[in-house]
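Structure first, then comments.
Worth knowing before you read on, the calculation uses all heavy atoms, side chains too, and leaves out hydrogens, waters and symmetry mates. The residues of the chain are indexed from 1 along the displayed sequence. Treat the numbers as computed from the prediction; the structure is a model and nothing was measured.
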Amino acid sequence: IAPRLADRALGWIAERFLARGELPPAFHPVIDEGHPDWPALRRYHLHGFRNRPHEYHNGGVWPIWLGWLALALARAGRAADLERLRDATYRR
């Protein structure tokens with residue numbers, strides 16, 4: 001839909017996370033107790049609070065998100081980044 005935007009986004013993900021051997025989170029930046037949005041996030045839950053920093057929506061790693069990312073990397077011809085994603089997922 002927007003190849004230039006997609007290429008920039010994939011490049012940022014590759015540089016910020018994959019090049020460091022890290023998996024990209026579902027949400028970034030993570031909201032923690034010192035963030036101004038923390039009180040609102042803390043109240044948002046149905047069956048118990050799950051949005052702790054680096055978990056669930058708040059920076060957690062989601063297989064569905066990683067699958068979409070893998071598809072985007074493959075379609076964009078970013079084989080090296082796709083391999084980094086695979087390796088980081090395997091190590092996790």
Side-chain angles (χ1 to χ4, degrees):
I1 295 174
R4 287 186 303 217
L5 179 60
D7 190 57
R8 284 196 337 238
L10 291 174
W12 181 83
I13 291 168
E15 181 181 321
R16 171 63 180 85
F17 298 101
L18 301 178
R20 299 172 183 188
E22 300 173 5
L23 291 172
F27 182 82
H28 182 81
V30 171
I31 296 172
D32 61 17
E33 291 84 352
H35 193 283
D37 289 334
W38 179 256
L41 182 66
R42 185 69 181 94
R43 289 189 306 270
Y44 180 72
H45 59 84
L46 294 175
H47 305 289
F49 183 67
R50 296 187 177 153
N51 285 311
R52 291 172 192 84
H54 303 283
E55 295 181 13
Y56 199 56
H57 291 99
N58 191 8
V61 173
W62 284 20
I64 292 171
W65 153 236
L66 295 179
W68 288 335
L69 177 58
L71 179 61
L73 292 170
R75 286 192 171 184
R78 299 178 76 111
D81 293 330
L82 184 57
E83 187 173 336
R84 287 183 191 103
L85 176 63
R86 185 201 65 210
D87 292 346
T89 303
Y90 181 76
R91 285 191 307 273
R92 185 95 166 151

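- At a threshold of 4.5 Å between non-hydrogen side-chain atoms, the residues Tyr90 and Asp87 do not count as touching.
- Formation of a donor-acceptor pair under 3.5 Å by the Arg91 side chain with backbone atoms of Gly21 is found in this model.
- For Leu5, the CG atom is densely surrounded, since the number of other residues' heavy atoms within 6.0 Å is greater than 12.
- You'll find the side chain of Leu66 reaches within 4.5 Å of the side chain of Pro24, heavy atoms only.
- Scanning all heavy atoms of the two residues, the minimum distance from Ala74 to Leu82 falls at CB-CD2, 4.0 Å.
- Note that the CG atom of Leu41 and the CG atom of Asn51 stand 4.5 Å from one another [nearest 0.5 Å].
- The minimum heavy-atom distance between Ala76 and Leu10, with the atom names listed, is CB-CD1, 3.8 Å.
- With respect to the salt-bridge test (charged N to carboxylate O, under 4.0 angstrom), the residues Glu33 and Arg42 do not qualify.
- The two residues Asn58 and Phe27 come nearest to each other via the heavy atoms OD1-CD2, 4.1 Å.
- Val30 and Ile13 are not part of a single hydrophobic cluster, where members link through side-chain heavy atoms under 4.5 Å apart.
- His54 has its side chain out of reach of Asp32: every pair of non-hydrogen atoms, C-beta onward, lies at least 4.5 Å apart.
- Proximity of Leu73 to Leu18: side-chain heavy atoms (C-beta onward) are separated by under 4.5 Å at one or more points.
- Residue Glu15 qualifies as open at atom CD: its count of foreign heavy atoms under 6.0 Å is 12 or below.
- No more than 12 heavy-atom neighbours from other residues, nucleotides or ligands sit within 6.0 angstrom of CZ on Arg75.
- Ion pairing of Asp81 with Arg84 is present here, as a side-chain N (NZ or NE/NH1/NH2) and a carboxylate O approach within less than 4.0 Å.
- Taking the six-membered ring where tryptophan is involved, the planes of His28 and Trp12 are tilted, since the angle between them lies from 30° to 60°.
- Atom CZ of Phe49 sits in a crowded spot, with more than 12 heavy atoms from other residues, nucleotides or ligands closer than 6.0 Å.
- Across all non-hydrogen atoms, the minimal contact from Leu23 to Ala88 is CD2-CB, 3.6 Å.
- Between Pro25 and Trp65 there is no side-chain heavy-atom pair separated by less than 4.5 Å.
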